[in-house]
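Whatever order the structure lists them in is the order used to number ligands and atoms, beginning at 1.
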Amino acid sequence: SAAPAPSETIDGFHLLIEALKLNGIDTIYGLPGIPITDLTRMLQAEGLRMLSFRHEQNAGYAASIHGFITQSPGICLTVSAPGFLNGLNSLAHATTNCFPMILISGSSEREIVDLQQGDYEEMDQLAIAKPVCKAAYRVLHAEDIGVGIARAIRAAVSGRPGGVYLDLPAKLFAQTMEAAAGRSTLIKVVDAAPAQIPGADAVARAVDMLKGAKKPLILLGKGAAYAQCDAQIRKLVESTGIPYLPMSMAKGLLPDTHEQCASAARSFVLPEADVVLLIGARLNWLLSHGKGKTWGGNGHKGWGKQKFIQVDISPQEADSNVKIDAPLVGDIASCVAELQKAVDKSWAKPPKEWTDAVSAKKNGNIAKMAETLAKNPSPMNFHSALNVVRDIIKANPDAMLVNEGANALDFTRSIVDMYKPRKRIDVGTWGIMGVGMGYCVAAAAATKQQVIAIEGDSAFGFSGMEVETICRYDMPVCIVIMNNNGVYKGTDVDPTGRDPAPTVFVKGARYDKIIEAFGGVGVHATTTAELRSAMEQAIKSRKPTLINAVIDETAGTESGRITSLNPNAAKKK
Ligand SMILES: Nc1ncnc2c1ncn2[C@@H]1O[C@H](COP(=O)(O)OP(=O)(O)O)[C@@H](O)[C@H]1O
Ligand SMILES: Cc1ncc(Cc2csc(CCOP(=O)(O)OP(=O)(O)O)c2C)c(N)n1
Ligand SMILES: [Mg+2]
């Protein structure tokens with residue numbers, strides 16, 4: 001832009017906007033109110049996409065998954081205190097899942113907060129944010145906005161990605177300074193997520209261990225999906241010939257139909273493998289902490305016989321649960337490149353008896369599943385409804401799949417194959433409910449692709465009001481609610497006869513009526529044929545659509561696949 005006249009000034013609002021634009025930020029997820037309402041208008045006027053939500057929690061979830069999908073930090077913008085607190089959940093979620101996100105909240109002036117003088121929406125937000133995020137900063141002077149944004153971006157995306165809090169007291173926005181001087185304080189971040197090359201010794205140790213394996217297994221986690229080195233990962237898997245297991249959000253790095261995919265033999269390969277190469281996957285609760293009977297160990301805590309190679313950018317992740325025999329610390333792209341060099345030099349495929357045993361187990365389980373999927377009971381159950389979704393995703397491999405619930409999550413993860421990377425976005429490491437509609441908005445905004453959300457009816461309820469947001473921005477989102485009338489199922493009753501049980505909803509609820517209130521397309525589907533045609537129509541029209549799929553209310557199991565995490569239920573009287 002032309003050199004400003006010497007007298008021209010610039011305010012805090014515009015220094016912030018220019019700092020964001022300078023760093024390629026083009027989308028903001030937020031909710032207006034004091035002291036940021038004008039900022040939301042200016043962001044929009046200056047060409048950024050300002051997506052306005054009905055609850056800050058959903059704006060935050062959108063920002064968190066924006067970071068996962070794009071590697072650029074998703075930005076959530078909220079008002080002070082209650083708005084900030086509503087955004088905090090997603091900041092913690094982003095940090096737990098290693099998604100780069102920045103929560104920017106307006107705040108009260110330090111001098112009032114520190115004397116606790118009772119300002120409008122007064123809260124010591126920076127102190128409250130610190131324990132649940134990767135980094136937290138406050139900016140008091142306009143000339144420091146450039147540094148504040150640069151530090152927040154670098155903290156969010158470098159090393160292990162995560163959530164960053166940026167605290168902007170209200171008075172900062174109205175501060176002005178000479179324009180040229182102001183612009184000279186802005187920083188375009190250089191190499192925000194630098195490559196971290198693994199040490200040669202670590203590479204040699206890992207390669208030797210993998211070469212010596214009789215029953216090797218590769219485990220791909222969402223870190224491998226986030227790294228966006230898809231071709232290199234596929235090449236490593238295919239050139240080694242090693243069976244692989246994708247974790248939920250790593251599905252699609254290679255097509256789930258790939259001959260080396262061992263998902264359908266998970267309960268066979270985990271205990272049987274002798275060397276496991278973890279790529280961007282933590283041995284946390286989702287992998288039974290790397291021990292116990294899942295891994296062939298005796299009882300709950302017994303270690304299996306596996307040796308672990310762990311590729312991770314976090315040096316202190318190794319040994320978090322069980323011994324890591326070959327930690328390979330670095331960014332996944334650099335680590336995979338080093339492993340590939342060794343494979344290209346000399347490599348023997350795994351023993352045929354191992355790969356044949358995996359295939360036999362896998363094909364047996366796939367055949368069993370096919371029989372179940374072929375049934376078409378009335379009312380629909382999870383399997384028959386998801387058999388339709390499976391076909392729809394196969395026909396639309398570029399569509400984004402959002403998924404949350406318990407049975408609605410677990411059955412979708414195992415029945416609906418994914419074909420491309422970063423297409424399946426779900427509850428993640430915490431198994432958090434409520435991400436659905438925020439994820440839909442971000443998936444539509446960040447990818448411009450069709451979005452398909454498979455929602456438990458309880459899960460949908462956490463963010464359902466954002467259906468209005470989806471309609472307001474006319475997004476190509478097709479929401480399928482697996483309506484089994486309750487949390488896990490719809491059959492519990494109150495033994496006293498006074499109230500509905502705590503886990504059930506209004507019988508015969510018609511969620512499809514909600515979207516009609518905002519001009520979207522609502523469909524009530526009681527058969528697989530109705531579900532299929534409604535989904536096909538939604539994809540063809542790209543109109544916001546909500547399908548209320550009636551599912552047998554007896555079909556679910558308590559907590560889906562993780563029933564065992566419930567404390568031992570009191571013996572039924
Ligand atoms: N670019 C990257 N390079 C290396 N490791 C990464 C990268 N991005 C994320 N990670 C790591 O990936 C891991 C993701 O693990 P996790 O969230 O448990 O995946 P999943 O739940 O799919 O198993 C984290 O330990 C994180 O440090
Ligand atoms: C923020 C938060 N609060 C509660 C919970 C606990 C929970 C886990 S799964 C679930 C909903 C299960 O019912 P749904 O109808 O969605 O799915 P289905 O099994 O198909 O019937 C809840 C409430 C979590 N994980 N996060
Ligand atoms: Mg349900």
Side-chain angles (χ1 to χ4, degrees), residues 57 61 67-68 71 89 93 95-100 157-162 193-196 198 219-229 245-251 253 278-287 310-318 320-321 328-336 381-382 385-386 403-412 424 426-436 454-463 481-491 502-505 509 549 551-553 555-563 565-566:
Q57 177 168 279
Y61 288 140
F68 170 73
Q71 292 187 336
N89 211 27
H93 168 70
T95 305
T96 302
N97 281 274
C98 315
F99 299 157
V157 298
S158 63
R160 170 180 275 183
Q196 299 192 19
L219 224 163
L220 301 173
K222 61 168 122 36
Y226 173 79
Q228 293 195 22
C229 56
L245 259 189
M247 297 300 284
S248 192
M249 285 175 60
K251 283 167 63 82
L253 267 172
L278 299 163
I279 303 182
R282 286 172 286 198
L283 286 173
N284 55 19
W285 73 280
L286 288 163
L287 282 167
Q310 183 152 25
V311 173
D312 204 296
I313 203 156
S314 162
Q316 71 264 32
E317 183 56 36
S320 62
N321 283 273
L328 193 50
V329 178
D331 72 274
I332 284 171
S334 301
C335 292
V336 167
N381 61 23
F382 287 103
L386 290 170
N403 187 208
E404 59 177 345
N407 296 281
L409 174 86
D410 295 339
F411 285 126
T412 302
R424 180 185 160 89
D426 65 27
V427 299
T429 302
W430 262 346
I432 198 168
M433 290 303 115
V435 294
I454 306 300
E455 295 280 304
D457 47 337
S458 163
F460 171 74
F462 285 79
S463 66
I481 295 182
M482 309 292 273
N483 186 352
N484 63 343
N485 189 38
V487 179
Y488 313 132
K489 58 172 69 174
T491 52
T503 54
V504 300
F505 302 126
I551 301 291
D552 176 352
E553 58 188 34
T557 54
E558 178 97 358
S559 299
R561 189 178 59 83
I562 55 175
T563 308
L565 293 187
N566 282 303

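- Ligand 1 has no N or O atom lying under 3.5 Å from any N or O atom of Ser314, backbone or side chain.
- Within the 4.0 Å heavy-atom shell around ligand 1 one does not find Ala193.
- Contacts between Val311 and ligand 1 below 4.0 angstrom, taking non-hydrogen atoms only, are absent altogether.
- Shown here are the side-chain contact (heavy atoms from CB on, under 4.5 Å) partners of Thr95, two or more places apart in sequence or in another chain: Cys133.
- Within the 4.0 Å heavy-atom shell around ligand 1 one finds Cys98.
- No side-chain donor-acceptor contact under 3.5 Å links Thr563 to the backbone of Ser559.
- Within the 4.0 Å heavy-atom criterion, neither part of Leu287 lies near ligand 1.
- Heavy-atom contacts of Asn284 reach the following atoms of ligand 1: 18 (O) (cutoff under 4.0 Å).
- Atom CG of Leu409 and atom CZ of Arg561 lie 8.5 Å apart (nearest 0.5 Å).
- The single protein non-hydrogen atom nearest to atom 10 (N) of ligand 1 is Gly223 CA, 4.0 Å, given as residue, atom name and distance.
- By heavy-atom distance, the residue among Cys335, Ala227, Pro246, Pro315 lying nearest atom 1 (N) of ligand 1 is Ala227.
- Contacts between Arg160 and ligand 1, counted as non-hydrogen atom pairs separated by less than 4.0 Å, involve the side chain only.
- With Leu386 as the fixed residue, the side-chain contact (heavy atoms from CB on, under 4.5 Å) test singles out one of Thr412, Asn407, Ile551, Asn381: Thr412.
- The parts of Arg282 lying near ligand 1 are both backbone and side chain, judged by heavy-atom distances below 4.0 Å.
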Distances only, to 0.1 Å: what are the N or O pairs between ligand 2 and the protein that fall under 3.5 Å?
{"from": "ligand 2", "atom 1": "13 (O)", "to": "Tyr488", "atom 2": "N", "distance (Å)": "3.4"}
{"from": "ligand 2", "atom 1": "15 (O)", "to": "Asp457", "atom 2": "N", "distance (Å)": "3.2"}
{"from": "ligand 2", "atom 1": "15 (O)", "to": "Asp457", "atom 2": "OD1", "distance (Å)": "2.7"}
{"from": "ligand 2", "atom 1": "15 (O)", "to": "Ser458", "atom 2": "N", "distance (Å)": "2.9"}
{"from": "ligand 2", "atom 1": "15 (O)", "to": "Gly486", "atom 2": "O", "distance (Å)": "3.0"}
{"from": "ligand 2", "atom 1": "16 (O)", "to": "Ala459", "atom 2": "N", "distance (Å)": "2.9"}
{"from": "ligand 2", "atom 1": "17 (O)", "to": "Ala406", "atom 2": "N", "distance (Å)": "3.2"}
{"from": "ligand 2", "atom 1": "19 (O)", "to": "Asn407", "atom 2": "N", "distance (Å)": "2.8"}
{"from": "ligand 2", "atom 1": "19 (O)", "to": "Asn407", "atom 2": "ND2", "distance (Å)": "2.9"}
{"from": "ligand 2", "atom 1": "20 (O)", "to": "Ala408", "atom 2": "N", "distance (Å)": "3.1"}
{"from": "ligand 2", "atom 1": "21 (O)", "to": "Asn484", "atom 2": "OD1", "distance (Å)": "3.2"}
{"from": "ligand 2", "atom 1": "21 (O)", "to": "Asn484", "atom 2": "ND2", "distance (Å)": "3.0"}
{"from": "ligand 2", "atom 1": "21 (O)", "to": "Gly486", "atom 2": "O", "distance (Å)": "3.0"}
{"from": "ligand 2", "atom 1": "21 (O)", "to": "Tyr488", "atom 2": "N", "distance (Å)": "3.0"}
{"from": "ligand 2", "atom 1": "25 (N)", "to": "Gly431", "atom 2": "O", "distance (Å)": "2.9"}
{"from": "ligand 2", "atom 1": "26 (N)", "to": "Met433", "atom 2": "N", "distance (Å)": "3.2"}

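- To the nearest 0.5 angstrom, Ile562 atom CD1 is 4.0 Å from Trp285 atom CH2.
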Practice item. Given side chain to side chain donor-acceptor pair (under 3.5 Å), test His93 with Asn89 step by step and report yes or no. Key: CA-CA 6 Å; His93 168 70; Asn89 211 27; over 6 Å; no
**Study point:** Candidate pair Met482 and Ile454, rule side-chain contact (heavy atoms from CB on, under 4.5 Å), full reasoning
**Key:** CA-CA 7 Å; Met482 309 292 273; Ile454 306 300; 4.0 Å; yes
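- Within the protein, the number of N/O/S atoms found under 2.8 Å from the Mg ion (ligand 3) is 3.
- Asn485 is linked by a side-chain contact (heavy atoms from CB on, under 4.5 Å) to Asn483, Phe505, Lys507, Glu553, counting only residues two or more places apart in sequence or in another chain.
- Among all protein heavy atoms, the one lying closest to atom 24 (C) of ligand 1 is Asp312 OD2, 3.5 Å.
- Shortest contact from atom 8 (N) of ligand 1 to any protein heavy atom: Tyr226 CD2, 3.7 Å.
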